[in-house]
Amino acid sequence: MVEQNQELALAWDFVEHTDRSIFLTGKAGTGKTTFLRRLAAESAKSLIVVAPTGVAAINAGGVTIHSFFQLPLQPFVPGVESRERHAFPKDKLRIVRSLDLLVIDEISMVRADLLDAIDNALRKYRRSRTPFGGVQLLMIGDLQQLQPVITPADEAMLRPHYSSPYFFASHALQQIQYVTISLRRVFRQQDPVFLELLNHVRTGRLTPDDRARLNARLDPTFRPDAKSGFIRLTTHNRIADSYNADELMRLPGKARTYTARIKGDFPEGSFPTAYGLQLKVGAQVMFIKNDSAGRFFNGKIGHVTALGPDSVKVVCPDDADVTGEIEVTPMEWENARYSVNAKTNTIETTVEGTFSQLPLRPAWAVTIHKSQGLTFDHVIVDAGASFAPGQVYVALSRCRTLEGIVLSTPIHDHTLGSDPVVNGFISGQDAAATQSIAALPAIRSEYNRTLLLNLFNFRDISETTEQLRHLLAHDLGRIFPTVLAEWQALSTDLREQVISVADKWITLLANTPVEALTGETLQQRIQRGSRYFADKFTSIYDTPLSGVLRIRPGDKKVANRLMVILTDLNQALRARIALLEAIAANGFSIIKYLTYKQKATLCASRKGVGSPVKSTTVSPKAAPAKKTAPAKKKEPKERSAQVSLDMLRQGMTRAEIAEERKLALSTVTGHLQEFVREGALTMEELYTPALLNAMTSAADAEGPDGDFEAMLKRLDGTGLSPYDLRFYLRQRAAGDE
């Protein structure tokens with residue numbers, strides 16, 4: 001479809017070959033979902049897919065915006081920083097920092113403040129001042145269909161900050177250039193008269209002929225034949241649920257309940273159908289999943305002919321492709337999260353839970369909202385209670401033909417069209433889109449230049465190095481003068497041998513004609529330059545890093561600050577050296593750069609603190625250990641404990657450290673508890689607030705002389721061991737003293 005559709009081909013070009021953000025819109029049935037699925041499967045970029053609701057996220061193969069970015073449910077007010085209840089997990093942090101493209105499906109439902117909350121999170125966790133942390137956006141949706149939900153209280157809170165609730169009022173979005181691509185070819189309907197009518201409904205500009213055609217479909221008393229496959233589209237869940245319950249009750253015979261099976265974590269709000277699905281022979285049902293064998297598809301209507309213990313049989317009316325009964329067995333939906341594959345250093349989806357149920361839903365009626373994205377042959381549109389612009393258009397556009405529609409209630413003018421604010425935005429985007437599309441070849445070339453400039457831009461390493469030198473000079477220089485001298489010399493070498501040379505490269509690339517950027521001569525120079533910088537970073541940093549890693553400041557705040565800077569610097573160095581070495585060996589292209597950068601970033605953030613060119617981790621010590629037999633025997637144990645502490649301070653949990661190091665959780669906990677005893681680590685750093693609260697509540701409930709086993713019983717399900725509780729009680733007693 002992408003190759004045959006000019007707009008979809010343009011969208012693909014902008015996504016894959018530029019860093020320009022895109023708003024991909026279009027009428028119902030124009031292929032937006034198909035495009036998203038292909039992009040997720042074939043894109044060279046590191047991407048994730050998010051959506052505003054659980055159902056939308058499951059359908060898009062992604063996760064919800066709030067769950068991925070760990071956002072609170074209250075509105076995001078610009079300039080007001082909300083206190084986070086949970087730290088960003090290390091694995092998620094690695095994903096965010098390696099991200100090239102963020103896909104937001106159903107963008108029409110995303111409020112402006114939510115998009116700004118995403119911007120705030122990306123800037124923070126990518127440590128970037130650039131809007132959205134420099135990540136490219138692909139926003140998919142139709143503003144003239146589903147719209148953002150905003151309560152009167154939220155609207156009052158946000159009105160002083162936003163001109164409208166729509167995503168395009170986002171402050172961050174207004175700071176970037178993005179192109180709007182509108183898909184015009186409709187695949188669902190083929191009748192030009194019906195297509196024209198739908199377009200007039202969409203824009204709220206009905207002609208007398210349009211009204212006559214719609215009025216001809218009005219029949220408030222219409223009751224379809226039981227086998228005709230008509231489905232009623234209503235505005236509210238309660239109307240659809242009541243209608244389905246009444247129709248099921250009217251059928252003779254006994255209902256059978258099919259209970260879903262849930263494994264792991266699958267939120268109730270994301271259930272694709274009922275947990276306890278009640279069916280009878282004769283029940284009208286809708287398939288809610290595609291069959292790999294092609295017997296049914298999402299939105300297909302049928303009737304139940306037989307009820308088995310674990311399956312049902314369904315016949316679909318007027319189905320020329322499938323003859324006889326379809327035996328329907330349970331199918332599985334996945335609730336996924338994004339994770340990093342440690343072997344391939346790529347982002348992949350990890351299944352957190354599954355929902356297994358018959359892929360059916362009672363379908364005498366369904367809400368207009370839940371019909372989004374589906375296609376029907378026969379619909380009864382009950383839109384008299386429409387409460388938002390666009391609902392009527394969504395309902396009518398679900399049907400393939402005008403002849404397949406029956407209106408049970410009149411369509412009122414106030415339910416047609418869309419918000420004037422939306423119309424003004426769309427009309428303004430058309431001219432901008434035309435300019436961007438005309439400039440696409442130049443934008444592609446400049447993207448190639450941008451990536452080359454990024455390859456030789458080492459400001460992140462330079463700035464972090466200066467932070468470390470400053471910390472050494474002000475807080476540690478008197479104690480460790482040799483280490484400080486090494487870093488002062490390093491700063492000079494970095495400036496003269498790396499930054500000044502890189503600045504010349506950047507000037508050269510900025511002034512090189514577009515056509516010469518891919519020339520063989522320049523490509524060879526790029527490879528040689530990459531090798532030069534990779535070698536320089538290795539030679540300049542190796543010895544000074546080994547020196548600073550051996551020091552252990554007595555001041556806890558200084559020690560923590562040193563660890564944070566060292567972690568940032570090591571990850572930046574590892575990622576950049578790996579990227580430069582890959583380009584030096586294999587040459588530069590957009591796809592190569594993106595692939596190597598993703599793997600280098602994910603691999604670098606996976607390792608602990610240490611030399612960027614050595615696989616072992618140096619244990620910080622105040623002075624070299626004495627060369628005696630007892631000291632040598634203790635060294636591996638001390639080093640192992642220090643590695644656990646380093647990993648904890650990089651944001652990893654005890655369980656993640658244990659998994660990473662292939663150690664028992666109790667061993668890692670024992671490592672870290674030693675540092676608590678020494679005063680180098682706090683209980684709050686070792687245990688999460690939830691675990692500390694659980695132990696405190698258990699101890700308080702049993703009293704100072706309470707039974708230990710009773711306390712432990714109160715901690716069932718928390719994952720805390722007797723070892724954890726004993727340690728907590730000892731520390732609590734010591735604190736009381």
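Note that the structure is predicted; figures quoted are calculated from it, not measured.
The two atoms that bring Arg576 and Leu455 nearest to each other are NH1-O, 3.2 Å, heavy atoms only. Residue Ser67 comes nearest to Lys92 through the heavy atom pair O-NZ, 3.2 Å, listed as atom of the first residue, atom of the second, then distance. Shortest non-hydrogen contact noted between Ala117 and Leu71 is CB-CD1, 3.9 Å. Closest approach of Ala172 to Asp119, counting heavy atoms only: CB-CG, 3.3 Å.
For the atom pair Gln571 CD and Arg97 CZ, the distance stands at 6.5 Å (nearest 0.5 Å). To the nearest 0.5 Å, the span separating CG on Leu468 from CZ on Arg561 amounts to 9.5 Å.
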Quiz prompt | Candidate pair Asp113 and His161, rule side-chain contact (heavy atoms from CB on, under 4.5 Å), full reasoning | solution = CA-CA 9 Å; Asp113 64 303; His161 304 280; over 6 Å; no

Quiz item: Step by step, would you call Leu562 with Val548 a side-chain contact (heavy atoms from CB on, under 4.5 Å)?
Solution: CA-CA 9 Å; Leu562 178 63; Val548 78; 4.2 Å; yes

Practice problem: Given side-chain contact (heavy atoms from CB on, under 4.5 Å), test Ser21 with Phe132 step by step and report yes or no. | Solution: CA-CA 11 Å; Ser21 292; Phe132 300 102; over 6 Å; no

Exercise. Tell me, with the steps shown, if Thr543 and Glu486 meet side-chain contact (heavy atoms from CB on, under 4.5 Å).
Key: CA-CA 8 Å; Thr543 300; Glu486 286 180 339; 4.1 Å; yes

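Side-chain contact between Thr601 and Arg94: absent, with no pair of heavy atoms (C-beta onward) separated by less than 4.5 Å. Within the 4.5 Å cutoff, no side-chain heavy atoms of Ile181 are placed close to those of Thr25. A 4.5 Å side-chain heavy-atom check between Val50 and Leu102 finds at least one atom pair inside the cut-off. Between His17 and Ile443, every side-chain heavy-atom pair lies at or beyond the 4.5 Å cut-off. Looking at Ile118 and Phe76, their side chains never come closer than 4.5 Å, going by heavy atoms from C-beta outward. Inter-residue side-chain proximity for Val135 and Asp100 is flagged as unmet; no heavy-atom pair is nearer than 4.5 Å. Counting heavy atoms from C-beta outward, Val501 and Lys536 have side chains that stay 4.5 Å or more apart. Residues Met139 and Phe168 fail the side-chain proximity criterion, which asks for heavy atoms closer than 4.5 Å.
Salt-bridge check for Lys32 with Asp105: failed, with every basic side-chain N at 4.0 Å or more from each acidic carboxylate O. The pair Arg459-Glu463 fails the salt-bridge criterion, with no side-chain N (NZ, NE, NH1 or NH2) lying under 4.0 Å from an Asp/Glu carboxylate O.
Aromatic ring centres of Phe69 and Tyr125: separated by at least 6.0 Å. Under the 6.0 Å cut-off for aromatic ring centres, Phe23 and Phe167 qualify, their centroids lying closer than that.
Counting only distance, with no hydrogens or angles, the side chain of Glu7 and the backbone of Leu183 share no donor-acceptor pair below 3.5 Å. Using a distance-only test at 3.5 Å, with no hydrogens or angles considered, no donor-acceptor pair links the side chain of Arg38 to the main chain of Trp12. Side-chain atoms of Gln136 come within 3.5 Å of backbone N or O of Thr18 as a donor-acceptor pair. Distance alone, capped at 3.5 Å, places no donor-acceptor pair between the Arg20 side chain and the Tyr178 backbone. A distance-only check finds no donor-acceptor pair linking the side chain of Ser462 to the backbone of Phe458 [under 3.5 Å]. In terms of modelled atom types and a separation under 3.5 Å, the side chain of Asp542 and the main chain of Thr538 share no donor-acceptor contact. Ser445 places a side-chain N or O within 3.5 Å of a backbone atom of Pro441 that can act as its donor or acceptor partner. Arg123 contributes no side-chain N or O that, together with a main-chain N or O of Ser128, makes up a donor-acceptor pair within less than 3.5 Å. At distances below 3.5 Å, at least one donor-acceptor pair connects side-chain atoms of Arg449 with backbone N or O atoms of Thr512. For Arg126 (side chain) and Leu99 (main-chain N/O), a donor-acceptor pair under 3.5 Å exists by modelled atom type.
Under the 30°/60° scheme for interplanar angles, the aromatic rings of Trp487 and Tyr541 are found to stand perpendicular.
When the ring pair (Phe, Tyr, Trp, His ring centres under 6.0 Å) test is applied to Tyr162, the partners found at least two apart in sequence or on another chain are His171. Taking Phe14 as the reference, nothing meets the ring pair (Phe, Tyr, Trp, His ring centres under 6.0 Å) condition, with sequence neighbours excluded.
No hydrogens or angles considered: a donor-acceptor pair under 3.5 Å links the side chains of Ser170 and Asp116. A donor-acceptor contact closer than 3.5 angstrom is absent between the side chains of Lys45 and Gln598.
Residue pairs meeting the side chain to side chain donor-acceptor pair (under 3.5 Å) criterion with at least one member in residues 579-596, sequence neighbours excluded: Asn586-Tyr596.
For Leu508, the CG atom sits in a packed shell: over 12 heavy atoms of surrounding residues, nucleotides or ligands are nearer than 6.0 Å.
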